[in-house]
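Below is one structure, written out as structure tokens, with a few remarks after it.
Indexing begins at 1, ligand by ligand and atom by atom, following the structure's order. The model shown is predicted, which means the values in this text are computed figures rather than measured ones.
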Amino acid sequence: MRHLLAVSDLTRESALHLFQVAADLKQRLKAGHRVAPLAGRTLALIFEKPSLRTRVTFEVGVIQLGGRAVYLQGGEIGLGTRESVPDVARNLSRWVDGIVARVFAHSTVQTLAHEASIPVVNALSDFEHPCQALADFFTLWERGVDFTKMKLAWIGDGNNVCHSVVLLGAMLGARIAVACPPGYEPDAAVQARVRRDAPQFDLTEDAKAAATGADVIYTDTWISMGQETEREERLEAFSRYQVNDTILGFAKPSALVMHCLPAHRGEEITDAVLDGPRSIVLDQAENRLHAQKAVILELLGGSVDDA
Ligand code: CP
Ligand code: NVA
């Protein structure tokens, strides 16, 4: 793996390897063992959009591995305005060891990766959020979930997080059901890959049908960053897709509820479900740290055994 721009940069084997490394890093951190395999190394973190989890976990993660992070707001460096995206990539390549970028257009991370001589990580684009999906399936993996025996139901908007979650879920052998209102389905190429890789793939407008018999129910905001002007039409379109106790009642009694966060309580998910006993959203958030540390180590060529 040279970059992590999309789930297609992973294989089933490399994802499972990253889960092992993440588990090792998590266990060492909890045991108080300090490792510094990235001493003297630096990451540039470019953010064109707001973030809590992604920024903190990359920044804290690289510090915990002995390195440093430089946070750059997209507006501050004028990515694509003050300076072209290729020129930013070429300059950063002379100073730092890796680039983590949260961008509006997926083509921006692709251009950064094409022009940089250092690894580039997609920290969310309009098309994918691969770090989120890795942390999510690591969260299930460490609970002992057998991916080949599980049904994952995605309920809501079929955009960036959905793409990465259903693509990685399919790659790992899970059955996938996606329920979206018309016009908000996953991208056609993503659907085709999920149909190819997953043992079963159902795309429906019926949230109850998707939830029926599910082991995992996953949702995300109905109004992604940058879509704020579409708020009223989206609230209307998604009104029948709230993850609430009624929907959860169609899933297995043991079903887990996942959300990438930030949650919009009372919109895509109710307080009762988000804060309820089936919710593992804070485990997902915690595991962003461990999974991304594994990604950084892999891309920067470090190993905890070097420490
Ligand atoms: N889930 C996620 O990426 O959260 P942030 O937008 O806060 O980084
Ligand atoms: N779909 C959301 C995910 C936030 C982590 C967005 O793009 O805003």
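Here the heavy atom of the protein found nearest to atom 8 (O) of ligand 2 is Met225 N, 2.8 Å. In this structure, the protein non-hydrogen atom closest to atom 7 (O) of ligand 2 is Asn160 ND2, 2.8 Å.
A heavy-atom distance below 4.5 Å is not found between the side chains of Asn122 and Cys131.
Taking only non-hydrogen atoms, the option from Cys260, Pro262, Gly156, Ser224 nearest to atom 6 (C) of ligand 2 is Ser224.
For Glu205 and Arg240, the salt-bridge test fails: no basic side-chain N is under 4.0 Å from an acidic carboxylate O. A salt bridge does not link Arg234 with Glu267: every distance from a Lys NZ or Arg NE/NH1/NH2 to an Asp or Glu carboxylate oxygen is 4.0 Å or more. Here Asp197 does not pair with Arg193 in a salt bridge; the nearest charged N to carboxylate O distance is not below 4.0 Å. Taking the charged nitrogens against the carboxylate oxygens, Lys30 and Glu286 do have a contact shorter than 4.0 Å, which makes a salt bridge.
One side chain, Glu128 or Ser164, offers a donor N or O that lies under 3.5 Å from an acceptor on the other. For the 3.5 Å distance criterion, the side chains of Gln132 and Asp136 qualify, holding a donor opposite an acceptor.
Residues satisfying the salt bridge (charged side-chain N to carboxylate O under 4.0 Å, His left out) criterion with Asp202, sequence neighbours excluded, are absent altogether.
Looking at His129 next to ligand 2, no N or O pair under 3.5 Å apart turns up.
Within ligand 2, the atoms closer than 4.0 Å to a non-hydrogen atom of Leu124 are 3 (C), 4 (C), 5 (C), 7 (O), numbered from 1 in the order shown. Interface of Val161 with ligand 2, defined as ligand atoms under 4.0 Å from a residue heavy atom, comprises 3 (C). Near Asp220, meaning under 4.0 Å from any of its heavy atoms, are these atoms of ligand 2: 1 (N), 2 (C), 3 (C).
Under 4.0 Å from ligand 2, the heavy atoms of Leu261 that appear belong solely to its backbone.
Of the candidates Lys252, Lys151, Lys149, Asp215 forms a side-chain hydrogen bond (donor to acceptor under 3.5 Å, both in side chains) with just one, namely Lys252.
Protein residues are said to neighbour a ligand when one of their heavy atoms lies under 4.0 Å from it; for ligand 1 these are Ser51, Leu52, Arg53, Thr54, Arg102, His129, Gln132, Cys260, Leu261, Arg288.
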*After noting the C-alpha distance and the side-chain angles of Tyr218 and His259, does the key distance pass the ring-ring contact (aromatic ring centres under 6.0 Å, His included) rule?*
CA-CA 6 Å; Tyr218 201 132; His259 192 309; 7.3 Å; no

